[in-house]
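Taking it in order: structure first as structure tokens, then the write-up.
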There are 2 protein chains.
Amino acid sequence: MTDVATEKPRRGRPPVSDEQRQRQRLDISRHAVRLFADQGVAATSGEQIAQAAGVSERTFWRYFPHKESCVEPLLTKMVDAFCGVLHDWPRELELIDHLREAYSPLLDAATDEDIEAVLAVVRLTHGERALRAAYLMLRERAENALGEVLAERAGLARDAIEVRVQAAAMSAVLKIATDDVATAAADGVTRETLEGHREQIATALRGLSRML
Amino acid sequence: MTDVATEKPRRGRPPVSDEQRQRQRLDISRHAVRLFADQGVAATSGEQIAQAAGVSERTFWRYFPHKESCVEPLLTKMVDAFCGVLHDWPRELELIDHLREAYSPLLDAATDEDIEAVLAVVRLTHGERALRAAYLMLRERAENALGEVLAERAGLARDAIEVRVQAAAMSAVLKIATDDVATAAADGVTRETLEGHREQIATALRGLSRML
DNA sequence: CATTTATTGGCACCATCTGCCAACAAGCGC
DNA sequence: GCGCTTGTTGGCAGATGGTGCCAATAAATG
């Protein structure tokens with residue numbers, strides 16, 4: 001009776017592992033994004049995505065509550081990686097210096113194709129309302145993670161006004177930098193454009209501090 | 001042949017004026033928001049909104065491309081008012097000082113019911129994904145307007161990085177302040193809660209500058 | 001009143017997404 | 001292997017979101 005796990009003999013088929021599920025979602029996500037980029041979101045039906053990913057339409061809708069949320073797994077992967085870097089941000093370093101050190105592994109963690117796909121999505125969000133909405137909501141999640149890191153660093157409560165404001169401001173900076181890189185990489189991603197993201201962030205951060 | 005207007009004798013029924021159309025949209029908007037607040041967005045059908053507003057479902061869908069965009073007229077009214085205040089921001093004043101002077105008329109321009117409705121929408125956006133998306137897109141429009149004001153003040157191009165970053169940061173501050181006021185006014189709006197918005201903004205702006 | 005143009009409402013239609021259920025897959029003890 | 005239990009899948013029906021098309025009507029002009 002001490003261990004909760006022993007109380008359940010666990011009969012029957014076990015549920016699929018969470019990672020398994022995530023990988024499945026990610027796989028579908030890649031197919032969906034390719035279709036979105038090729039023919040637009042509106043012109044891509046759920047049936048089409050399901051077929052491309054090799055699942056029935058029904059299970060597709062089980063994996064994704066809305067069509068637009070197909071972009072989520074791909075984007076979250078990046079956002080999570082970035083949040084990880086953020087989390088290791090040592091107290092004594094400026095953010096930009098920390099990024100200079102820790103940014104490259106972030107890029108190596110993903111395949112070039114995935115990075116390309118993510119940037120394609122970011123570009124798509126400028127014309128596709130539905131995607132824009134999904135994108136913005138994801139950025140809010142990132143802002144939240146950023147808020148927690150900042151709160152811990154400053155020794156303040158997560159909901160302190162300074163923490164929230166600074167998280168929002170930095171998040172905005174990151175958004176702009178990302179947007180710039182995405183448009184710059186419109187035709188073909190080179191290692192330089194990606195490394196440029198860091199410096200883009202640096203420039204933007206400077207622009208922020210100059211406003212007093 | 002010199003005047004374009006004289007070339008067209010204009011026969012047949014004239015198109016409804018733009019303001020007329022806006023007023024119609026605003027009217028429907030009010031009905032929709034009430035329903036949204038009462039029973040949630042998902043539980044409110046387009047048919048229901050149309051019926052409440054006294055138009056056919058078909059024309060309802062003509063006025064609003066998506067269900068969620070029903071909140072737009074009500075929100076834009078506020079955003080536009082705010083942008084107007086921003087536009088009159090004299091070069092020599094700090095933003096917060098300008099707001100202290102010009103903020104009250106903004107509140108008087110709308111009925112208490114509309115203000116209440118707007119705040120209700122802002123609160124709703126925390127739980128209703130669809131509304132959140134619409135809300136965020138509207139905020140982007142506001143950020144854009146802010147960017148133009150800032151660009152003019154600073155004598156810089158609209159797409160200069162400093163301008164964009166500062167607009168984004170200030171927009172984020174405004175968002176947080178608005179959120180706080182909306183939750184604070186959860187049960188009943190008093191004049192104080194609304195005037196408090198100004199000071200909320202002031203506090204937030206201070207929090208921003210403290211980040212260096 | 002006839003003509004012209006704009007808006008409206010009704011209908012058919014496709015796409016999105018959900019509930020329900022039968023089929024099947026994957027573990028367990030025997 | 002066979003049952004038993006549980007989780008996932010796919011198919012089908014159905015509600016809702018949203019669009020195109022067309023007839024009816026409204027508002028102007030002469």
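Values reported hereafter were calculated over all heavy atoms of this structure, with side chains retained and with hydrogens, waters and symmetry mates removed. Bear in mind the structure is a predicted one, so any value in this text is a computation, not a measurement.
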Could you run down the sub-3.5 Å N/O contacts of the protein with nucleotides 18-22 of chain D?
from: dG18(D); atom 1: OP2; to: Lys67(B); atom 2: N; distance (Å): 2.8
from: dG20(D); atom 1: N7; to: Arg58(B); atom 2: NH2; distance (Å): 2.9
from: dG20(D); atom 1: O6; to: Arg58(B); atom 2: NE; distance (Å): 2.5

Practice problem: Using atom CD of Gln20(B) as one end and atom P of dA6(C) as the other, report the distance to the nearest whole Å. | Solution: 16 Å

Exercise. Would you indicate, yes or no, if dT8(D) has its OP1 or OP2 atom less than 4.0 angstrom from a side-chain nitrogen or oxygen of Tyr63(A)?
Key: no

Self-check item: Atom pair distance, as rounded to whole Å: CZ in Arg21(A) and C1' in dT8(D)
Solution: 10 Å

Exercise. For Tyr63(B), enumerate each residue passing the ring pair (Phe, Tyr, Trp, His ring centres under 6.0 Å) test, keeping only those at least two apart in sequence or located in another chain.
Key: none

Quiz item: Reckon Ser69(B) touches a base, only the sugar-phosphate, or nothing at all at heavy-atom distances under 4.0 Å?
Solution: nothing

Exercise. Give the intermediate values and the outcome of salt bridge (charged side-chain N to carboxylate O under 4.0 Å, His left out) for residues Arg123(A) and Asp179(A).
Key: CA-CA 8 Å; Arg123(A) 284 192 300 269; Asp179(A) 260 11; over 6 Å; no

Exercise. Figure out the CZ/C1' separation between Phe36(B) and dG17(D), and round it to whole Å.
Key: 12 Å

Practice problem: Return the value, rounded to whole Å, for the distance between atom CD of Gln24(A) and atom C1' of dG7(D). | Solution: 15 Å

Quiz item: Does the pair Arg164(A)/Asp159(A) count as a salt bridge with the N-to-O cut at 4.0 Å?
Solution: no

Quiz prompt | Heavy-atom side-chain contact between Val41(A) and Arg129(A) under 4.5 Å | solution = no

Exercise. Indicate for each nucleotide in nucleotides 25-30 of chain D, in 5' to 3' sequence, whether protein heavy atoms under 4.0 Å reach the base (B), only the sugar-phosphate (S), or nothing (-).
Key: -BBBS-

Quiz item: Is the CD atom of Gln51(B) crowded by more than 12 outside heavy atoms at less than 6.0 Å?
Solution: no

Quiz item: Less than 4.5 Å apart, any side-chain heavy atom of Phe82(A) and any of Thr178(A)?
Solution: no

Self-check item: Distance below 4.0 Å between Thr59(A) side-chain N/O and dG10(D) OP1 or OP2
Solution: yes

Quiz item: Would you call Lys175(B) and Leu136(B) a side-chain contact if the rule is heavy atoms closer than 4.5 Å?
Solution: yes

Quiz item: How long is the gap from CD on Glu116(A) to CG on Asp112(A), to the nearest 0.5 Å?
Solution: 8.5 Å

